[in-house]
Enquirer: 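Can you read through this structure? Questions will come right after.
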Amino acid sequence: MSKGKGTKGGKLSEAQIAVHWKEEEYIHPSPQFIAQANMTDADVHERFGLDNFPGCFKEYADLLTWDSYWHTMLDTSDAPCWKWFVGGRINASYNCVDRHLAKYKNKAAIHFVPEPENEAPQAITYQELYVRVNEFALMLRDLAGLKAGDRVTLHMPMVPELPVTMLACARLGIIHSEVFGGFSGQACADRIHDSGSRVLITMDGYYRSGKFIDHKANADIAVETAKKLGQKVDKVLIWQRYPGETRSQAKMVKGRDHIVNDELAAFAGKRVDPVPLAAEDPLFLMYTSGTTGKPKGCQHSIGGYLAYAAGTSKFFQDIHPEDVYWCMADIGWITGHSYIVYGPLALAASSVMFEGVPTYPDAGRAWRIAERLDVNIFHTAPTTIRMLRKAGPDEPAKYDYHFKHMTTVGEPIEPEVWRWYYEVVGKGEAIIVDTWWQTETGGFLCSTMPATQPMKPGSTGPAVPGIHPVIYDEDGKEIPAGSGTAGNICIRNPWPGAFQTIWGDRERYVETYYAKYCKDPKSKDWRDWPYLTGDGAMQSEDGYYRILGRIDDIINVAGHRLGTKELESAALTIEAVAEAAVVPVVDELKGRVPDVYVSLKPDFDGAKVGDQVVKVIETTIGKIARPKHVHIVPDMPKTRSGKIMRRVLAAISNTLDIGDVMTLANPDVVEEVRVLVQGKEKVAVKKGPADIARFGDDG
Ligand code: WT7
């Protein structure tokens with residue numbers, strides 16, 4: 001082990017002090033891993049250098065099968081809406097299914113593991129996937145009347161019918177928009193409305209923590225709410241968790257609701273050719289939270305996205321067709337789209353899907369699955385790693401599985417948790433990649449190349465080939481590379497996996513991601529349009545990046561972004577609530593969770609408000625957003641212009657230094673709120689993580 005080269009000199013930045021940044025030792029991949037790795041050529045980073053941009057990405061495009069080959073790698077004429085592989089015609093369903101039949105038709109494409117342990121795992125071969133995708137695509141066309149360019153909202157749990165649905169859409173060029181199954185009917189309605197979907201695809205129910213969840217009821221709420229918002233849904237297609245039997249108590253609406261498993265009979269044995277689509281046609285929308293209430297529909301392309309998902313899956317997930325690959329994310333998030341469905345299936349992998357929670361019925365469940373399926377590539381998030389460690393720190397050793405490769409994604413991982421992952425879960429045999437990216441970016445931005453670059457716990461690693469980050473300070477000055485100083489991390493160049501725009505809101509796309517550091521808003525040259533990730537980061541001397549978290553007011557709960565504004569507006573729907581402010585609070589398991597502050601309207605009784613706020617947040621956003629505490633306060637600390645000082649509340653929730661509050665309109669209220677939350681005694685003030693210390697700074 002050699003020492004990871006870190007920050008030189010004694011001068012530490014604010015952020016470094018805040019995160020107690022310490023350079024960790026390098027850990028090197030084993031010779032066994034290197035011997036079998038997909039990418040062992042250390043020159044790949046050079047080959048993808050800026051000098052070879054954008055031509056380097058031909059290597060990614062050539063992993064796919066094109067109906068007609070593209071003529072222009074990158075078209076910047078509509079900057080900053082980049083077009084990749086222009087002139088190309090391609091189909092994602094063909095690339096993930098049909099083209100593998102010749103060699104792999106009898107190999108598992110998907111291993112579905114139901115949550116109830118008395119239901120055996122199901123292996124769905126590429127041939128079987130092909131049959132199901134064809135039949136359902138025909139139903140989409142002939143029963144639902146959908147065609148290329150139409151949007152359709154999916155609100156589905158972790159069942160194989162979800163990738164079947166996605167790939168059936170992709171076969172015809174229908175743009176799918178999957179809403180995380182755990183989201184409420186109302187959250188689903190917002191996304192139906194924004195995307196203009198007139199068809200909703202769902203399932204009667206599914207298993208979660210030992211309970212059968214009646215999911216169809218959400219569809220009824222979603223359709224009703226969408227209608228009020230102005231979007232009519234005329235068809236709801238309902239898959240059955242147990243074919244032939246509907247397990248939902250919700251009533252069927254005649255003419256609107258169709259049980260997929262009944263209607264499929266009409267399409268049995270039929271096939272429909274994949275439609276050759278333009279490379280830059282949209283493949284799907286994935287909604288993600290922004291700083292204002294309305295979620296943003298990130299629009300991803302077919303050609304660029306699929307090339308990037310396939311390329312990064314090959315080189316960074318190190319997937320070979322003979323591997324058994326298990327990504328424990330939910331397909332309702334981008335991780336599942338890129339690294340359960342599109343990337344792995346484009347490579348003819350066997351991809352595992354697990355319906356339930358990894359600690360149910362006990363802390364050994366995940367490892368029993370790994371043993372039974374002989375999984376050798378494992379992919380999850382720090383929040384889950386912490387949960388598994390808490391529930392059963394010694395469980396992995398009891399099971400006979402062997403990983404060659406593991407991934408952590410979604411939020412920074414504490415070196416201590418990293419080491420448990422490496423030593424206990426990975427049994428010291430598996431390499432780890434810490435992949436940093438976003439819903440918007442389609443695939444990885446930073447990660448070590450598993451066979452050629454050593455791991456460093458807590459660091460995401462250097463940029464991946466073809467990605468060229470730059471860290472700016474607030475004034476747009478470049479922070480010197482490798483200086484260990486924190487700033488706003490941006491990407492200098494476009495790349496094929498990047499989203500194309502925010503659905504229906506180009507202005508917001510430009511404003512949110514490009515306006516801050518744009519050098520010339522009229523320019524058609526990509527060099528003038530650095531992409532703002534919204535994360536704070538620092539780069540060590542060895543080129544490895546350390547991600548410090550969001551610089552705006554997003555809360556990253558269990559690796560997923562929640563807009564504070566969305567939560568606040570939910571709290572404000574309670575009659576008694578006058579004002580609401582949501583701040584992140586450090587949580588041992590989930591990283592960050594929301595703390596809600598509310599003040600009441602005069603003459604309202606606060607007795608039930610706490611429970612009401614929790615409930616309304618759960619129904620409008622989902623259980624994932626459940627607040628840690630709801631604090632009922634006499635007033636909010638405010639600036640003289642009336643802005644709620646979320647920074648102050650975040651400091652109180654996390655027992656951090658509150659700083660100077662004398663310029664506030666109501667400084668006395670700060671101490672009142674502090675006592676309410678922390679008690680009379682002054683709690684020792686500690687330094688907090690940078691994202692919390694900075695939270696709400698730029699409002
Ligand atoms: C935000 C994106 C990436 C897919 C799942 C979440 C944080 C992501 C890491 C990492 C530190 C990370 C960032 C990013 N993040 N990966 N390896 N280390 N932070 O997608 O919901 O779009 O969230 O998650 O803050 O901006 P998302």
Side-chain angles (χ1 to χ4, degrees), residues 15 19 21 180 183 285-291 295-298 300 308-309 312 316-317 327-340 342-343 379-385 406-415 417-418 421 432-448 455-464 467 469 486 488-491 497-499 502 512-513 531-538 544-563 566 584 590-592 622 624-625 689-692 694-695:
V19 294
W21 172 242
F180 170 55
F183 272 151
L285 307 180
M286 171 59 65
Y287 281 85
T288 188
S289 293
T291 46
K296 299 174 285 197
C298 294
H300 282 283
Y308 202 69
T312 49
F316 293 94
Q317 297 296 291
C327 171
M328 234 160 49
D330 194 292
I331 296 177
W333 309 110
I334 191 72
T335 304
H337 276 51
S338 299
Y339 299 112
I340 297 176
Y342 285 114
H379 186 150
T380 191
T383 177
T384 309
I385 302 170
M406 304 194 296
T407 300
T408 168
V409 62
E411 56 180 316
I413 185 166
E414 300 81 356
V417 176
W418 192 100
Y421 194 36
I432 295 181
V433 289
D434 181 337
T435 60
W436 170 67
W437 60 297
Q438 309 178 299
T439 303
E440 294 86 340
T441 71
F444 306 147
L445 296 175
C446 283
S447 168
T448 50
M455 305 160 244
K456 190 162 79 172
S459 282
T460 168
V464 305
I467 299 290
N488 298 333
I489 185 165
C490 296
I491 312 298
F499 71 140
I502 296 174
T512 310
Y513 299 99
Y531 166 78
L532 177 77
T533 66
D535 280 344
M538 51 191 270
Y544 282 41
Y545 292 91
R546 166 107 181 171
I547 304 298
L548 305 171
R550 308 290 307 163
I551 48 178
D552 51 26
D553 55 356
I554 298 279
I555 302 184
N556 187 323
V557 181
H560 295 289
R561 284 188 282 173
L562 294 173
E566 260 188 305
K590 296 182 178 158
R592 306 285 177 268
I624 190 165
D691 62 314
I692 292 196
R694 263 198 315 242
F695 183 79

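Computation of the quantities below employed the complete heavy-atom set of this structure, encompassing side-chain atoms and omitting hydrogens, waters and symmetry-equivalent molecules. Bear in mind the structure is a predicted one, so any value in this text is a computation, not a measurement. Atoms within each ligand, like the ligands themselves, are counted from 1 in listed order.
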Enquirer: Test your reading of the structure: does T335 have an N or O sitting under 3.5 Å from an N or O of ligand 1?
Expert: no
Enquirer: Please confirm whether G410 comes within less than 3.5 Å of ligand 1 when only nitrogen or oxygen atoms on both sides are compared.
Expert: yes
Enquirer: Which ligand 1 atoms does P412 reach within 4.0 Å, using its non-hydrogen atoms?
Expert: 11 (C), 18 (N), 19 (N)
Enquirer: For atom 22 (O) of ligand 1, what is the nearest protein heavy atom, given as residue, atom name and distance?
Expert: T439 OG1, 2.5 Å
Enquirer: Decide yes or no for Q438 and T288: does some side-chain heavy atom of the first lie under 4.5 Å from some side-chain heavy atom of the second?
Expert: no
Enquirer: Going by side-chain contact (heavy atoms from CB on, under 4.5 Å), I340 matches just one of I331, T335, D330. Which one?
Expert: I331
Enquirer: Using 0.5 Å steps for rounding, measure from the CD1 atom of I334 to the CE atom of M286.
Expert: 5.0 Å
Enquirer: Quick one: look up the protein heavy atom nearest atom 3 (C) of ligand 1 and list residue, atom name and how far away it is.
Expert: W437 O, 3.1 Å
Enquirer: Please indicate whether any nitrogen or oxygen in D434 is less than 3.5 Å from any nitrogen or oxygen in ligand 1.
Expert: yes
Enquirer: Applying a 4.0 Å heavy-atom criterion (strictly less than), which segment of I413 is in contact with ligand 1: side chain, backbone, both, or neither?
Expert: neither
Enquirer: If the test is side-chain contact (heavy atoms from CB on, under 4.5 Å), which one of V433, I432, T380 qualifies with T407?
Expert: V433
Enquirer: Report the nearest protein non-hydrogen atom to atom 6 (C) of ligand 1: residue, atom name, distance rounded to 0.1 Å.
Expert: G559 O, 3.3 Å
Enquirer: Does some non-hydrogen atom of T460 fall short of 4.0 Å from ligand 1?
Expert: no
Enquirer: In the protein, what heavy atom is nearest to atom 21 (O) of ligand 1, and what distance, to one decimal place, separates them?
Expert: R561 N, 3.6 Å
Enquirer: Considering the heavy atoms of N556, write down every atom of ligand 1 situated less than 4.0 Å from one of them.
Expert: 7 (C), 24 (O)
Enquirer: Identify, for atom 25 (O) of ligand 1, the protein heavy atom at the shortest distance, and state residue, atom and that distance.
Expert: D535 OD1, 2.8 Å
Enquirer: Going by heavy atoms in the side chains, are Y544 and P462 under 4.5 Å from each other?
Expert: yes
Enquirer: Below 4.0 angstrom from a heavy atom of I334, which ligand 1 atoms are there? Numbered from 1 as shown, please.
Expert: 4 (C)
Enquirer: Hey, does W436 have a side-chain heavy atom less than 4.5 Å from the side chain of T441?
Expert: no
Enquirer: When the aromatic ring centroids of W437 and F499 are compared, is their separation below 6.0 Å?
Expert: no
Enquirer: Give the atoms of ligand 1, by number and element, whose distance to some non-hydrogen atom of I547 is under 4.0 Å.
Expert: 11 (C), 19 (N)
Enquirer: So, does T533 use its side chain to make a donor-acceptor pair with the main chain of I489 at under 3.5 Å?
Expert: yes
Enquirer: Any luck finding a side-chain donor-acceptor pair between Y339 and T312 under 3.5 Å?
Expert: yes
Enquirer: Please report whether ligand 1 has a polar contact with T533, defined as an N or O pair separated by less than 3.5 Å (distance criterion only).
Expert: no
Enquirer: If you measure every N or O of Q438 against every N or O of ligand 1, does any of those distances drop under 3.5 Å?
Expert: yes
Enquirer: Quick check for you: to the nearest 0.5 Å, what is the distance between T448 atom OG1 and M455 atom CE?
Expert: 7.0 Å
